[in-house]
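The sequence lines fix the lettering, A, B, ..., with proteins before strands; numbering per chain opens at 1.
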Protein chains: 2
Amino acid sequence: MKVLIVEDDALHRAFLAEAVRAALPECGQVIEAENGLKGEAQARIAQTEHIVMDLQMNERNGIEAARTIWRERPDTKILFWSNYSDEAYVRGVARIVPEGATYGYVLKSASEERLKLALRSVFVESQCVIDREVRGVQQKSLGTSLGLSDVEYEILVDVALGLTDKAIAQRKHLSLRSVQNRLQQLYEKLDVYETPGQVNVGWFNLRTRAVSVALSRKVLNASAIERAERDLRQSAGL
Amino acid sequence: MKVLIVEDDALHRAFLAEAVRAALPECGQVIEAENGLKGEAQARIAQTEHIVMDLQMNERNGIEAARTIWRERPDTKILFWSNYSDEAYVRGVARIVPEGATYGYVLKSASEERLKLALRSVFVESQCVIDREVRGVQQKSLGTSLGLSDVEYEILVDVALGLTDKAIAQRKHLSLRSVQNRLQQLYEKLDVYETPGQVNVGWFNLRTRAVSVALSRKVLNASAIERAERDLRQSAGL
DNA sequence: TCCTGTCCTGCGGGAACCCGCAGATTTTGC
DNA sequence: GCAAAATCTGCGGGTTCCCGCAGGACAGGA
């Protein structure tokens with residue numbers, strides 16, 4: 001049994017390696033990679049089926065790396081080990097996990113015990129393990145009250161990219177008015193109309209404000225926008 | 001000599017504590033805090049003049065904590081130890097360091113030697129130590145080509161908050177047209193007019209696009225926006 | 001079958017945005 | 001002290017955005 005560690009922080013990498021050896025005595029080899037790009041390469045070379053990996057890395061972040069790895073070997077077991085439970089990350093992971101694949105999501109703030117347990121559960125028992133807190137974010141993102149539907153989320157991303165209503169309509173094969181309807185739903189769900197002061201009319205540009213509160217609430221983050229930007233360039237460039 | 005460590009990651013905190021003891025044998029006491037809020041409290045209680053601290057923490061980030069600490073004791077020596085050299089962080093730090101204060105900024109990716117050297121330089125020699133890479137970002141942010149002036153940066157932040165032209169004009173005591181002029185400079189400097197595809201007209205909402213590229217280029221980041229949001233609420237609420 | 005809820009679509013208008021033009025004011029350099 | 005450069009400001013227009021109103025398509029339930 002081989003395990004690949006993909007993590008850019010040296011301290012965390014060492015800690016992970018030690019935890020893996022302790023939790024999985026049957027593990028014969030621990031390979032390390034310091035960013036997503038090298039992680040993909042190592043996974044290809046070493047033919048490893050067990051990966052523990054950080055989200056948020058420089059060269060290529062965990063979500064993108066996982067996507068290409070899973071595209072090549074959908075049965076790979078991946079344990080995500082991240083600092084944050086941002087909705088953007090949780091949603092990003094859920095979006096790419098293939099049918100029937102086993103994976104885990106534990107926070108770095110969790111205890112070492114939890115980490116080791118998750119390592120065994122995911123790699124040996126093929127069980128999906130998602131931290132309670134992360135699951136909370138999942139739930140919330142599905143709840144009708146504060147949560148955005150998938151369509152609304154996609155619109156939000158397009159807006160955050162800086163696209164025009166017209167451009168979005170074209171990309172999504174919708175009429176201009178439909179895009180604007182979805183935007184209105186978005187504005188309501190994000191509480192864009194709430195105002196810090198007392199005078200409430202004309203203080204906010206709703207479109208930009210929506211991006212702002214989405215960032216504050218971690219519904220969006222910079223890496224999600226960068227990913228969308230690359231997708232946009234690709235689809236526009238062909 | 002007492003040293004206060006403010007860092008939310010347990011592994012990094014332990015590593016820092018060890019580095020401090022190794023680099024500063026004359027250091028009698030090492031105090032630790034796990035977020036900015038507790039860091040402020042500890043600095044007040046322990047009357048410590050030497051702080052090493054992470055930016056990007058949960059409860060209160062390093063920039064805000066440093067601001068209040070320096071407000072109470074401007075002669076405090078602070079060494080920032082951060083993962084990133086985002087322009088937003090560099091600018092945020094530069095904005096709050098008081099006249100004549102000594103501080104340092106080293107990246108977590110730097111070697112342990114560099115860290116220890118910086119500890120001695122800042123705390124013992126009262127010298128400012130800024131990592132080469134960070135200084136590069138500083139330079140770039142001052143260069144006329146890609147860099148934004150302070151006024152332009154403030155406008156950018158207001159736009160990222162989702163404010164209207166009119167609202168910005170009011171806040172900044174400018175006419176509507178002046179705000180729009182500044183915005184145009186901003187659009188040019190951020191290359192907002194560049195287009196991924198071939199059709200270039202009407203694809204982008206310049207205002208939102210500006211925020212998008214500012215985020216991608218790390219000129220802005222989420223914590224800078226959150227800080228500005230709090231400032232806004234405060235100034236609007238009084 | 002009809003009713004109800006949800007989604008897409010067009011129309012229209014008021015507001016906000018983007019920006020060229022041009023005069024006034026301030027700052028800068030020599 | 002004066003000219004050049006940079007900023008601030010108003011005007012006017014074309015465009016986009018925000019959204020109420022209303023009609024059409026389609027699914028599920030009584």
K.L.:
Between D:dC18 atom P and A:Leu190 atom CG, what is the distance in whole Å?
P.N.:
13 Å
K.L.:
Check this for me: does any side-chain nitrogen of one of B:Arg171 and B:Glu154 sit under 4.0 Å from a carboxylate oxygen of the other?
P.N.:
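Judged by the 4.0 Å cut-off on N to carboxylate O distance, B:Arg171 and B:Glu154 do not form a salt bridge.
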K.L.:
Taking B:Asp86 for its side chain and B:Ala88 for its backbone only, find out whether a donor-acceptor pair lies under 3.5 Å.
P.N.:
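Absent.
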K.L.:
Determine whether B:Asp150 and B:Arg91 make a side-chain contact, defined as any pair of heavy atoms from C-beta on separated by less than 4.5 Å.
P.N.:
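A side-chain contact under 4.5 Å exists here.
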K.L.:
If every non-hydrogen atom of A:Phe123 is compared with every non-hydrogen atom of A:Lys77, which pair is closest and at what distance?
P.N.:
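Looking at all heavy atoms of both residues, the closest pair is CE2-O, 3.4 Å.
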K.L.:
Specify the angle, to 10°, made by the local axes at the two ends of the helix from C:dT1-D:dA30 to C:dC30-D:dG1 when five pairs are taken at each end.
P.N.:
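Its terminal axes enclose an angle near 30°.
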K.L.:
Charged N to carboxylate O under 4.0 angstrom, A:Arg209 versus B:Glu229?
P.N.:
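Yes, A:Arg209 and B:Glu229 are salt-bridged.
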K.L.:
List in chain and number order the residues that pass salt bridge (charged side-chain N to carboxylate O under 4.0 Å, His left out) with A:Asp131, two or more places apart in sequence or in another chain; answer none if no residue qualifies.
P.N.:
A:Arg114
K.L.:
Using whole Å, what does the distance between atom C1' of nucleotide C:dC18 and atom CG of A:Asn205 come to?
P.N.:
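It works out to 13 Å between those atoms.
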K.L.:
Check the distance between C:dC17's P and B:Ile155's CD1 and give it to me in whole angstrom.
P.N.:
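In whole Å, C:dC17 P lies 12 Å from B:Ile155 CD1.
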K.L.:
Measure CD/B:Glu152 against P/D:dA6 and give the value in whole Å, please.
P.N.:
13 Å
K.L.:
Hey, is the side chain of B:Tyr187 poking within less than 4.0 Å of OP1 or OP2 on C:dC17, counting only N and O atoms?
P.N.:
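Indeed not, no polar side-chain atom of B:Tyr187 lies that close.
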K.L.:
Send over the distance from B:Glu188 CD to D:dA6 C1', rounded to a whole Å.
P.N.:
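Rounding to the nearest Å, CD of B:Glu188 and C1' of D:dA6 are 15 Å apart.
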K.L.:
Within less than 4.0 Å of OP1 or OP2 of C:dC17, is there a side-chain N or O belonging to B:Gln184?
P.N.:
no
K.L.:
For residues A:Glu133 and A:Leu107, report the shortest heavy-atom separation together with the two atoms involved.
P.N.:
OE1-CD1, 3.2 Å
K.L.:
Could you check how far CD1 of A:Ile168 sits from P of D:dT16, rounded to whole Å?
P.N.:
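About 14 Å, once rounded to whole Å.
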K.L.:
Under 4.0 Å between a Lys/Arg side-chain N and an Asp/Glu carboxylate O for A:Asp54 and A:Lys108?
P.N.:
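Salt bridge flag = yes for A:Lys108 with A:Asp54.
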K.L.:
Write out a two-atom table: protein N or O, nucleotide N or O from nucleotides 5-13 of chain C, distance below 3.5 Å.
P.N.:
unit_1 : atom_1 : unit_2   : atom_2 : d
C:dC8  : OP1    : A:Arg182 : NH2    : 2.5
C:dT9  : OP2    : A:Ser175 : N      : 2.7
C:dT9  : OP2    : A:Ser175 : OG     : 3.3
C:dT9  : OP2    : A:Ser178 : OG     : 2.8
C:dT9  : O5'    : A:Ser175 : OG     : 3.3
C:dT9  : O4     : A:Asn181 : ND2    : 3.4
C:dG10 : O6     : A:Arg177 : NE     : 3.3
C:dC11 : N4     : A:Arg177 : NE     : 3.2

K.L.:
Please determine if B:Arg217 and B:Glu87 form a salt bridge, counting it only when a charged side-chain N lies under 4.0 Å from a carboxylate O.
P.N.:
no
K.L.:
To the nearest Å, how far apart are A:Asp165 CG and C:dC18 P?
P.N.:
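So the two atoms are 13 Å apart, to the nearest Å.
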K.L.:
What is the distance from CG of A:Leu206 to P of C:dA15, rounded to the nearest Å?
P.N.:
15 Å
